[in-house]
Amino acid sequence: MFSPKYPTPNTPPAHVPAPCIPPSLQAVPARPAVRLTPGSVLTLVAGGGALALVVGTVLVSLLLAVADTAASVAVCAVVVRSILQSDRR
């Protein structure tokens with residue numbers, strides 16, 4: 001059931017390989033040159049500036065969220081500490 005089945009030696013190969021063409025003879029598709037007009041440069045600069053502002057806003061918001069969480073945990077620690085000390089008296 002799991003033994004391999006080999007083809008008989010007189011059968012032709014099932015796959016004929018494609019002829020090998022050296023890279024120097026292969027056709028290379030021409031790439032269109034990128035031309036930057038003043039309008040497209042202005043658009044790229046404005047887009048980059050907007051992206052920098054958005055990323056900066058997100059990073060500052062994350063930093064403020066971490067600082068707010070740290071302050072909240074510190075206040076809770078002080079409250080719990082004062083409650084525990086008041087029980088000892």
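Everything quoted here is computed from the prediction, not taken from an experiment. Values below: every heavy atom of this structure, side chains too, minus hydrogens, waters and symmetry copies.
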Exercise. Measure from the side-chain N and O atoms of Ser40 to the backbone N and O of Leu36, and report whether any donor-acceptor pair falls under 3.5 Å.
Key: no

Quiz item: Transitively linked via ILVMFWY side-chain contacts under 4.5 Å: Leu59 with Leu51?
Solution: yes

Quiz item: For the side chain to side chain contact (heavy atoms under 4.5 Å, CB included) test, which of Val78, Ile83, Leu84 pairs with Val80?
Solution: Leu84

Quiz item: Can you tell me how far the CG atom of Asp68 sits from the CG atom of Leu63, to the nearest 0.5 Å?
Solution: 11.0 Å

Quiz item: Is any side-chain heavy atom of Thr37 less than 4.5 Å from a side-chain heavy atom of Leu42?
Solution: no

